[in-house]
2 protein chains.
Amino acid sequence: MSDKGLSIFEETFSSDLCYLMAMSHIVLANNQVTSRFIEKNYDMPVHAWSTLYATVYFPGILAKEVQVLFPRPQNSISRAIKLLEERQLIRREVDKSDTRAKHLFPTEEGAALLAGIEEKVKQRQEEVFGVLTDSEKETFLRLCRKIIDSDTLNSSAAFEVF
Amino acid sequence: MSDKGLSIFEETFSSDLCYLMAMSHIVLANNQVTSRFIEKNYDMPVHAWSTLYATVYFPGILAKEVQVLFPRPQNSISRAIKLLEERQLIRREVDKSDTRAKHLFPTEEGAALLAGIEEKVKQRQEEVFGVLTDSEKETFLRLCRKIIDSDTLNSSAAFEVF
DNA sequence: GCAATATAGATCCATATGGTTCTATATTGA
DNA sequence: TCAATATAGAACCATATGGATCTATATTGC
């Protein structure tokens with residue numbers, strides 16, 4: 001990192017928007033690395049692998065629940081599901097009491113593919129967060145959880161149209 | 001949040017990818033709210049306002065430096081600059097010793113527009129991070145900084161093509 | 001019981017995105 | 001000095017994205 005880069009960081013991450021800026025920076029920087037890798041090596045857009053992740057860990061999950069875990073527009077999830085089904089990485093079962101709803105289940109190939117991706121992403125997580133001590137990691141997660149569990153994350157009073 | 005949603009969160013944010021998942025979740029959820037607001041009320045894509053931010057805070061900045069602060073593909077920054085210049089929110093000056101490079105400066109309108117956006121985004125930041133105590137916010141920022149300052153964030157050994 | 005409304009998810013379409021390539025200029029090294 | 005290489009940024013184009021709408025089914029209230 002150049003001196004110029006460092007002083008820009010120093011100022012930005014001390015500014016009035018420092019928290020949002022710092023957090024977004026990490027996610028943007030990591031996505032540049034991680035998304036590119038997964039798209040290149042698995043020919044799979046980022047929404048597809050996160051939907052596959054949700055399906056493997058929560059078999060029977062519905063599209064609308066995937067959307068709660070990975071906050072994305074509904075049609076993005078819908079498309080990801082279509083792609084995963086076309087590639088036979090998941091299958092769908094219509095809900096018995098609500099025929100609109102479709103439960104998602106991984107196929108064997110889907111579970112195997114996710115295992116591969118997950119292993120790689122875990123290594124990547126260790127690269128990114130490895131710079132923190134175990135105790136710092138724990139703290140970081142606790143603070144993230146606190147933000148996620150608050151009800152202001154998904155809606156806004158400040159952003160009512162003015 | 002439904003019970004189902006809570007238990008999905010509980011499990012996901014305790015899993016082996018908990019750190020990446022938790023951080024991405026916050027940024028995705030916030031972007032859904034913030035990006036939509038700015039696009040709707042200012043008719044400005046997210047990259048444009050972040051580039052405007054960089055220009056106002058670092059007048060004379062180059063496109064390649066904006067890219068360091070907001071890790072995005074080079075052509076996205078290039079397009080954002082074009083849009084901002086077309087709307088006369090920034091102007092450009094060719095570098096005297098390197099005629100390829102163009103320094104960015106905000107116009108008065110650009111600075112005024114950013115001030116409005118920034119105020120709103122600051123209110124939003126307070127909604128999202130307001131759930132943390134001052135001390136927790138400070139800790140959160142310190143940990144983010146530690147990750148940002150490490151050299152593994154922007155490249156990866158794990159993701160060398162295999 | 002049934003009209004009004006809400007919800008799950010699919011599809012449409014205009015636009016944003018990002019990998020790649022291109023041009024112009026700078027730097028490097030034999 | 002000048003060919004080889006690197007860099008700043010623009011442009012091209014195939015694809016991803018997301019707001020809006022649509023269909024089908026479920027729920028709600030009179």
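Order of the sequence lines fixes the chain letters, A, B, ..., with proteins taken first and strands second; residue numbering starts at 1 for each chain.
- Applying the ring-ring contact (aromatic ring centres under 6.0 Å, His included) rule to pairs touching residues 86-112 of chain A yields nothing, sequence neighbours excluded.
- Listed by chain and number, the residues in a side chain to side chain contact (heavy atoms under 4.5 Å, CB included) with B:Glu119 are B:Gln123 (sequence neighbours excluded).
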Show me, pair by pair, the donor-acceptor contacts under 3.5 angstrom made by side chains of residues 50-58 of chain A, not counting sequence neighbours?
unit_1: A:Ser50; atom_1: OG; unit_2: A:Val46; atom_2: O; d: 3.2
unit_1: A:Ser50; atom_1: OG; unit_2: A:His47; atom_2: O; d: 3.1
unit_1: A:Thr51; atom_1: OG1; unit_2: A:His47; atom_2: O; d: 2.8
unit_1: A:Tyr53; atom_1: OH; unit_2: B:Ser15; atom_2: OG; d: 3.0
unit_1: A:Thr55; atom_1: OG1; unit_2: A:Thr51; atom_2: O; d: 2.8
unit_1: A:Tyr57; atom_1: OH; unit_2: A:Glu118; atom_2: OE1; d: 3.0
unit_1: A:Tyr57; atom_1: OH; unit_2: A:Glu118; atom_2: OE2; d: 2.6

Its contact letters, B for base, S for sugar-phosphate only and - for none at protein heavy atoms under 4.0 Å, make nucleotides 10-17 of chain C read BB-----B
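- Look at CD1 on B:Ile61: it is 13 Å from P on D:dA8, rounded to the nearest Å.
- Contacts of A:Phe129 classified as ring-ring contact (aromatic ring centres under 6.0 Å, His included), with partners at least two apart in sequence or in another chain: A:Phe140, B:Tyr19.
- Heavy atoms from other residues, nucleotides or ligands lying under 6.0 Å from CD of A:Glu109 number more than 12.
- Annotated stems with DNA chain C as a participant read C:1-30 with D:1-30, given as range with range, by first number; only runs of 3 or more Watson-Crick or G-U pairs under 3.5 Å qualify.
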Kindly list each side-chain donor-acceptor pair under 3.5 angstrom involving residues 74-84 of chain B, sequence neighbours excluded, with atom names and distances?
none

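- The nearest whole Å value for the distance from the CD atom in B:Glu93 to the P atom in D:dG9 is 14 Å.
- B:Ser135 meets the side chain to side chain donor-acceptor pair (under 3.5 Å) test with no other residue; sequence neighbours excluded.
- Here C:dG18 presents its P atom at 17 Å from CG of A:Asp43, a figure rounded to the nearest Å.
- Residues passing the salt bridge (charged side-chain N to carboxylate O under 4.0 Å, His left out) test with B:Glu138, sequence neighbours excluded: none.
- In this view, A:Glu85 and A:Ile90, A:Arg92 satisfy the side chain to side chain contact (heavy atoms under 4.5 Å, CB included) rule, not counting sequence neighbours.
- We find that CG of A:Leu104 is positioned 14 Å from P of C:dA8, with the value rounded to whole Å.
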Strictly under 3.5 Å: I want the nitrogen or oxygen pairs between protein and nucleotides 25-28 of chain D, one per line.
unit_1: D:dT25; atom_1: O3'; unit_2: A:Thr99; atom_2: OG1; d: 2.9
unit_1: D:dT25; atom_1: O2; unit_2: A:Arg100; atom_2: NH1; d: 3.1
unit_1: D:dA26; atom_1: OP1; unit_2: A:Thr99; atom_2: N; d: 2.9
unit_1: D:dA26; atom_1: OP1; unit_2: A:Thr99; atom_2: OG1; d: 3.3
unit_1: D:dA26; atom_1: O4'; unit_2: A:Arg100; atom_2: NH2; d: 3.4

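- For B:Phe13, the ring-ring contact (aromatic ring centres under 6.0 Å, His included) partners are B:Phe9, B:His25, not counting sequence neighbours.
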